[in-house]
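Throughout, numbering of the chain's residues begins at 1 and tracks the sequence.
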Amino acid sequence: MSAESAAAAHPAPSPTPEAVRAARMIPFIVGCALFMQMLDATVVATALPAMARALGSTPVRLNVAITSYLLSVAVFVPVSGWAADRYGARRVFVAAIGLFTLSSVACALSQDLPQLVVARIVQGMAGAMMVPVGRIILLRTVPKQDLLKAMSFLSIPALLGPVIGPPLGGFMVTYMSWHWIFLINIPIGVLGIFLVLRYVAEIREEGAPSLDWPGFLLSAICLATLVSGFEAIGRDVMPLPMLLGLIATGAACGFLYGRHARRAEHPIIDLSLMRIPTFAIATLGGNLCRFAVGATPFLLAMLLQVGFGLSPFSAGLITFASAAGALLMKFVATPIVRYFGFRRVLTVNALLAGAFIVICGAFTPQTPVWLMIAILLVGGFFRSLQFTGVNTLTYADIPPSKMSRASSFAAMAQQLGISLGVGVAAVTLNISMALRGAETLAIRDVVAGFIVVGLLCMASTFSFGRLDPLAGAHLNGAKQSDDE
């Protein structure tokens, strides 16, 4: 009997109701972890003045609570894929959520700045493991034909966090206390652990290699220096020679890592993934779009609070409209991509998403609030659609054996992209002020920031235009040919 006849005589068993229910719950579970991380990363900035007063410090000094978290995430993100393969994705995911929750409690109980910094470093380490490992679980559990729908759900928390963070942080600091910005993670973390234990089966690679220590050290120094350098650009938090030294050190370590990765049998960051066209294009083009994730909330805060004189809470209520656009996208992203295909959606939508960022620069103090909300709503929709397509296409042609490495690589690239986006926005503001010969921020400076970030987002259309017309067809429900 041939293999085809045997398969017809003994078809693969249908998945059990429990397996189907678990596959449906996993995007929600990973989304909760992603939302907790993104919310925490943005809500702290709003509470810095109140935290500084309570801890006997200044907001400038307390900014180390943000940078220490970002550096910790950058250092440990590359290890996440190896840890999932070596110790099991479910076990690492539960441990990461638990550690993130406990370190949040430690942040709330901190009595001085050193205690807070240590707690934030541990929290960043947990966050670096939490989201990439959760994505590994999703990629290995959800069938590929359902991956687009799952990613459309998963992209929402990434957009909601930066938008909800400022108004939520402002509300808690104003009407409660700064401790609650960390304590809010407790119920989310407890719920996440319960759902993982209930619905997620263990996923582990047999014969996982030992950790690439030289690669880990080189990548850690590279990412830590680049992220800290990008974050400091234009903020006058360190002397220019030190800033240039950080970026030069990061570039040098990145070059050395590239040489190391070509010789290592199991490099911690697998650069060979860039030979896969869909992964390379989604990573490079997607990062141009991700500049907006870090830059847009920053620029809107500058425009509405500094330029228009609105309170943080009032400004946050306006910018929340982009989150509503992201939610609306969830219901239509899958049919849009299935009808038009990945290449057409990503090339055209990059132009639309960038255009709506540029339009934000046209806001004036006289612009009606309803019009600003409408523009942010539509812009949030297009940005969310773009990230849904990019995040799905990233893993379209990745073999199962390399899924963990791909998740770590993509998470590392996203971290750099978001940090660089903030740096580009800050540099643009400073250049605009320098050209005017001014030392104080004006509305026209923020307008320049929106134009630069929007044009960079639009430039990603050239990258997506290199995609094959049928790229990702097996993910969006298109019929496959017999030779596939």
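Atom CD1 of residue I184 and atom CD1 of residue I188 lie 5.5 Å apart, to the nearest 0.5 angstrom. One distance of note links CZ of R135 with CG of L34; it measures 7.0 Å at 0.5 Å rounding. Distance SG/C107 to OH/Y69: 9.5 Å, rounded to 0.5 Å. The distance from atom CD of Q123 to atom OG of S72, rounded to the nearest 0.5 Å, is 9.5 Å. One finds the CZ atom of F409 at 10.0 Å from the CD1 atom of I398 (value rounded to the nearest 0.5 Å). Rounded to the nearest 0.5 Å, atoms CG (L139) and OG (S407) are 6.5 Å apart.
For R140, the salt bridge (Lys or Arg N to Asp or Glu O under 4.0 Å) criterion is met by D85, E205, not counting sequence neighbours. With sequence neighbours excluded, no residue forms a side-chain hydrogen bond (donor to acceptor under 3.5 Å, both in side chains) with T249. With sequence neighbours left out, L191 forms a side chain to side chain contact (heavy atoms under 4.5 Å, CB included) with L195. Among residues two or more places apart in sequence or in another chain, the side-chain hydrogen bond (donor to acceptor under 3.5 Å, both in side chains) test is passed with N185 by D40, S104. Not counting sequence neighbours, the partners of D270 by the side-chain hydrogen bond (donor to acceptor under 3.5 Å, both in side chains) test are S272, R405. The side-chain hydrogen bond (donor to acceptor under 3.5 Å, both in side chains) test applied to S432 returns D445, not counting sequence neighbours. Partners of E202 under the side chain to side chain contact (heavy atoms under 4.5 Å, CB included) rule, at least two apart in sequence or in another chain, are R90, R91. Under the side chain to side chain contact (heavy atoms under 4.5 Å, CB included) criterion, V105 pairs with L109, I186, not counting sequence neighbours. Legend: residues meeting side chain to side chain contact (heavy atoms under 4.5 Å, CB included) with C289, ordered by chain and number and at least two apart, are Q386, F387, C457, S460, F464.
In this structure, L288 and S463 have side chains that are not in contact, with every pair of non-hydrogen atoms separated by 4.5 Å or more. Counting only heavy atoms from C-beta outward, the side chains of L376 and I318 approach each other to under 4.5 Å. T225 is not listed as a side-chain neighbour of I247, based on a closest heavy-atom distance of 4.5 Å or more. Side-chain atoms of M36 and M130, non-hydrogen and from C-beta on, do get closer than 4.5 Å to each other. The shortest distance between side-chain heavy atoms of L299 and L429 falls below 4.5 Å.
The aromatic rings of Y257 and H260 lie tilted to each other, with the angle between the two planes from 30° to 60°.
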message: Run the side-chain contact (heavy atoms from CB on, under 4.5 Å) test on F381 and S384 for me, step by step, so that the C-alpha distance in whole Å, both residues' side-chain angles and the decisive distance to 0.1 Å come before the verdict.
response: CA-CA 5 Å; F381 171 86; S384 187; over 6 Å; no

- request: Apply side-chain contact (heavy atoms from CB on, under 4.5 Å) to the pair Q111 and L55, showing each step before the final yes or no.
  value: CA-CA 6 Å; Q111 300 298 309; L55 297 175; 5.6 Å; no

task: Check the pair R86 / S210 against side-chain contact (heavy atoms from CB on, under 4.5 Å), numbers first and verdict last.
output: CA-CA 8 Å; R86 188 68 178 265; S210 57; 4.1 Å; yes

- request: Decide yes or no on side-chain contact (heavy atoms from CB on, under 4.5 Å) for T296 and R383, but give the supporting numbers first.
  value: CA-CA 11 Å; T296 303; R383 282 200 302 276; 4.3 Å; yes

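Closest approach of A89 and I137 over heavy atoms only: CB-CG1, 3.7 Å. Annotation for L303 and C360: closest pair CD2-O, 3.8 Å, computed over non-hydrogen atoms. Nearest heavy-atom pair, V131 versus A33, reported as atom, atom and distance to 0.1 Å: CG2-O, 4.2 Å. Listed here is the closest heavy atom pair of V75 and A224: CG2-CB, 3.9 Å. The nearest pair of heavy atoms linking A295 to V453 is CB-CG2, 3.7 Å. Taking both residues in full, the closest heavy atoms of L271 and A261 are given as CD1-CB, 3.9 Å, listed atom of the first, atom of the second, then distance.
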Expected list for residues 274-284: side-chain donor-acceptor pairs under 3.5 angstrom, two or more places apart:
from : atom 1 : to   : atom 2 : distance (Å)
T278 : OG1    : D397 : OD2    : 2.8
T283 : OG1    : F279 : O      : 2.7

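Remark: the backbone N or O of F76 is not paired with any side-chain donor or acceptor of S80 at under 3.5 angstrom. Using modelled atom types, no side-chain atom of T428 and backbone atom of G449 make a donor-acceptor pair closer than 3.5 Å. Within the 3.5 Å criterion, the main-chain N or O of P267 finds no donor-acceptor partner in the side chain of D212.
Atom CZ of F308 is surrounded by more than 12 heavy atoms from other residues, nucleotides or ligands within 6.0 Å.
Residue pairs satisfying the ring pair (Phe, Tyr, Trp, His ring centres under 6.0 Å) criterion with at least one member in residues 83-103, sequence neighbours excluded, are listed as follows: W82-Y87. Under the salt bridge (Lys or Arg N to Asp or Glu O under 4.0 Å) criterion, no residue pair touches residues 244-263, with sequence neighbours excluded.
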